[in-house]
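This report concerns only the one structure given below.
What you are looking at is a predicted structure, and each value in this text was computed from that prediction instead of being measured.
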Amino acid sequence: MTRLLITGGKLVNEGTLSEKDLLIKSGRIERIEDSISPPSGTEILNAEGKLVLPGLIDDQVHFREPGLTHKACIHTESQAAVAGGVTTFFEMPNVSPPTLDMERIEEKCSIAQRDSLANYAFFLGASNENLEAVKSADPSRIAGVKIFMGSSTGNMLVDEETVLEGIFRNAPTIIATHCEDTPMILANEKQARMQFGGEVPFSEHGIIRSREACLKSSSMAVELARRENAKLHVLHITTKEELGLFAPGDSRITAEACVHHLWFEESGYEELGSQIKCNPAIKTEKDRTAIREAVKEGRISVLATDHAPHTWEEKQNSYFNAPAGLPLIQHSLLIMMEMVKQGCFSLETVVERACHAPARLFQVLDRGYLREGYWADLVVVDPESQTVVGDSQLFSKCGWSPFSKEVFSNRIDFTVVSGQVAYRSGELDLGCRGQRVNFPTSRR
Ligand code: DOR
């Protein structure tokens, strides 16, 4: 039986900070106590002066496999995940071919079983044509159903009203939506072409992918969920107006915010241009402030990344040809902790929104908390050491980061995935493998 003892750390869990030892046996947390003497043969990790958090559950990532592996793959991106303290990821269906039925889900799970250092689950994608596959999906084997209610990377727009109604009425799990109104965006693109020709500045992105387009689509999703009594999670909120659609404490209609929308605002386009082009777009400073406040008050229940790597070469194209999305997962916890330092919200709130809430919302079994009997997914952070981005390796296959040279005030020391030390002082254990996440059979 392999045992691991984490000693002397400050556990941040379920709203409290407490100094405790934590004993792991056969992948699960066996005991959490003030002081534990190690049974013989136990490996000891000294966490004195360090923070011990549950591993993050990132409910929105794009790892590009199968079909887009020139950008990224499950093996490389799961390395970036564990180096960043993310122990579980839910991956999106806009790969090639898109993940539109259970057979594709199982294919992706076999790749992950072979290659992933982190725990994993995959979203079933919806399309205008696969309502039957959505209806008959096995809720215990998917993260949820993803609907692109606005077009983005990939060709997965669902815009037929009767199909949308059918999905909201019949989806056997939580529905996660990308909300931007495509006709409004197309009209704005036409306008921008008339104004700027081929040379549209990246700073126009938030005007083209407008706040009105976000609000219209998010409002429609919320209305459909209410009417059809569906469980809805609106991904990556970017405007203050949309926040009015959600209420703190509501467990059926929820919203997510992503680290780049909390970190950057429109002035960043000047220096970073295409590097921060993403959908929905980064908007104004007022929006950023309102979203940070909503994270604090619980109107936003989940913090995630929408990690979306593209190659540096692809990103060098002009506005219409540069793809949207940026690599984020290796630095998401450090970004959140930097915002804690800036006074945006507390560390306990980060743990609630990035670890506990995704576990609760998606009904993940036995993960997301530091609890006896739960899987040992955790991250040890040194609050006394810094991280200079780029000094150590970037594990994402695309090899670039919008945070290049940024200095973060914390350092990730260890990440434990299902009881295995997957990341230790800058080094990965490439032999570590995550597990498929389990969900209950009834989830509507
Ligand atoms: O910026 C984005 N990139 N937003 C999305 O919705 C998709 C993602 C991607 O897959 O590149």
Side-chain angles (χ1 to χ4, degrees), residues 4-14 16-24 27-29 32 43 45-59 61 77-89 116-120 259 303-305 307 328-341 346-359 364 367-371 374-387 392 395 408-429 432 434-435 437:
L4 179 65
L5 178 67
I6 301 183
T7 58
K10 198 170 273 178
L11 273 54
V12 189
N13 188 50
E14 305 193 54
T16 58
L17 265 86
S18 56
E19 225 163 86
K20 300 261 184 209
D21 289 355
L22 198 144
L23 183 67
I24 296 163
R28 292 195 185 241
I29 300 172
I32 302 175
E43 183 189 347
L45 282 186
N46 183 355
E48 259 169 69
K50 315 272 168 83
L51 300 163
V52 182
L53 279 54
L56 275 66
I57 299 178
D58 192 333
D59 77 350
V61 306
E77 306 318 287
S78 66
Q79 292 173 39
V82 300
V86 176
T87 51
T88 298
F89 63 83
S116 180
L117 278 74
N119 308 310
Y120 51 87
V259 286
L303 284 173
T305 62
H307 174 82
L328 294 156
I329 205 164
Q330 193 171 338
H331 304 110
S332 60
L333 176 57
L334 294 174
I335 296 166
M336 292 173 204
M337 292 187 73
E338 208 58 34
M339 288 188 272
V340 169
K341 192 178 170 211
S346 68
L347 186 56
E348 291 90 327
T349 298
V350 166
V351 169
E352 163 57 25
R353 312 262 181 270
C355 314
H356 304 333
V364 173
R367 298 185 192 275
Y369 295 84
L370 300 177
R371 283 183 185 161
Y374 272 47
W375 285 103
D377 294 333
L378 56 90
V379 50
V380 179
V381 179
D382 184 352
E384 302 299 328
S385 300
Q386 296 182 327
T387 303
S392 55
F395 293 107
F408 292 118
S409 324
N410 292 275
R411 189 183 69 197
I412 291 163
D413 273 7
F414 302 100
T415 306
V416 176
V417 177
S418 299
Q420 309 149 82
V421 186
Y423 179 77
R424 182 193 299 256
S425 314
E427 300 288 325
L428 291 161
D429 175 355
C432 166
Q435 297 185 3
V437 168

Inset, instruction - Check for a donor-acceptor pair, side chain of S78 on one end and backbone N or O of S116 on the other, with a separation under 3.5 Å. - result: no
Legend entry - Student check: side-chain heavy atoms of T88 and D58 closer than 4.5 Å: no
Inset, instruction - Identify the heavy atoms of S332 and V259 that sit nearest to each other, and give their distance. - result: O-CG1, 4.0 Å
Legend entry - Residue pair L333 / V350, side-chain heavy-atom distance below 4.5 Å: yes
Legend entry - Which atom of P383 lies closest to which atom of G49, heavy atoms considered: CD-O, 3.4 Å
Legend entry - Gap separating the CG atom of L378 from the CD1 atom of I29, nearest 0.5 angstrom: 6.5 Å
Inset, instruction - Kindly compute the distance separating CG (L334) from CE (M337), expressed to the nearest 0.5 Å. - result: 7.5 Å
Inset, instruction - Ignoring hydrogens and angles, state whether a donor on the side chain of D21 or T7 is under 3.5 Å from an acceptor on the partner side chain. - result: no
Legend entry - Rounded distance (nearest 0.5 Å) linking atom CG of L23 with atom CG of L4: 8.0 Å
Legend entry - Close side-chain approach of I412 to Y423, heavy-atom, < 4.5 Å: yes
Legend entry - Test log, rule side-chain contact (heavy atoms from CB on, under 4.5 Å), inputs L17 and L11: CA-CA 5 Å; L17 265 86; L11 273 54; over 6 Å; no
Legend entry - Check: S409 main-chain N/O paired with E338 side-chain donor or acceptor under 3.5 Å: yes
Inset, instruction - Sequence neighbours left out, what passes side-chain contact (heavy atoms from CB on, under 4.5 Å) with A354? Give chain and number order. - result: L56, L303, M336
Inset, instruction - Please lay out, stage by stage, how L428 and F395 fare under the test side-chain contact (heavy atoms from CB on, under 4.5 Å). - result: CA-CA 10 Å; L428 291 161; F395 293 107; 3.3 Å; yes
Legend entry - Under 3.5 Å: donor-acceptor pair, side chain of E427, backbone of R424: no
Inset, instruction - Could you check if a side-chain atom of E77 sits within less than 4.5 angstrom of a side-chain atom of V61, using non-hydrogen atoms only? - result: no
Legend entry - Donor-acceptor under 3.5 Å (T387 side chain, N410 main chain): yes
Legend entry - K50/D413 salt bridge by N-O under 4.0 Å criterion: yes
Legend entry - Any E43 side-chain heavy atom under 4.5 Å of L45 side chain: yes
Inset, instruction - Using a 4.5 Å cut-off on heavy atoms from C-beta on, say whether the side chain of V416 contacts that of T87. - result: no
Inset, instruction - Answer whether the closest heavy-atom distance between the side chains of R367 and P54 falls below 4.5 Å. - result: no
Inset, instruction - State, to 0.1 Å, how close G434 and V417 come at their nearest heavy-atom pair, and which atoms those are. - result: CA-CG1, 4.0 Å
Legend entry - Sub-4.5 Å side-chain heavy-atom contact between R353 and T349: yes
Inset, instruction - Calculate, to the nearest 0.5 Å, the distance between atoms CG and CD1 belonging to D377 and I57 respectively. - result: 7.5 Å
Inset, instruction - Apply the test side-chain contact (heavy atoms from CB on, under 4.5 Å) to residues E14 and R371: give CA-CA distance (whole Å), side-chain angles for both, the deciding distance (0.1 Å), then the verdict. - result: CA-CA 10 Å; E14 305 193 54; R371 283 183 185 161; 2.9 Å; yes
Inset, instruction - With rounding to the nearest 0.5 Å, note down the distance linking CZ in R411 to OG in S425. - result: 6.5 Å
Legend entry - Considering all heavy atoms, the nearest V82-A118 contact: CG1-CB, 4.0 Å
Legend entry - Residues L347, L51; criterion side-chain contact (heavy atoms from CB on, under 4.5 Å); working and verdict: CA-CA 10 Å; L347 186 56; L51 300 163; 3.8 Å; yes
Legend entry - Rounded distance (nearest 0.5 Å) linking atom CD1 of I24 with atom OG of S418: 10.5 Å
Inset, instruction - Please report the shortest heavy-atom distance between A47 and V52, naming the atom on each side. - result: CB-CG2, 4.2 Å
Legend entry - For E19, all residues meeting side-chain contact (heavy atoms from CB on, under 4.5 Å), sequence neighbours excluded: K10
Inset, instruction - On the 0 to 90° scale, with breaks at 30° and 60°, tag the H356-Y369 ring pair as parallel, tilted or perpendicular. - result: parallel
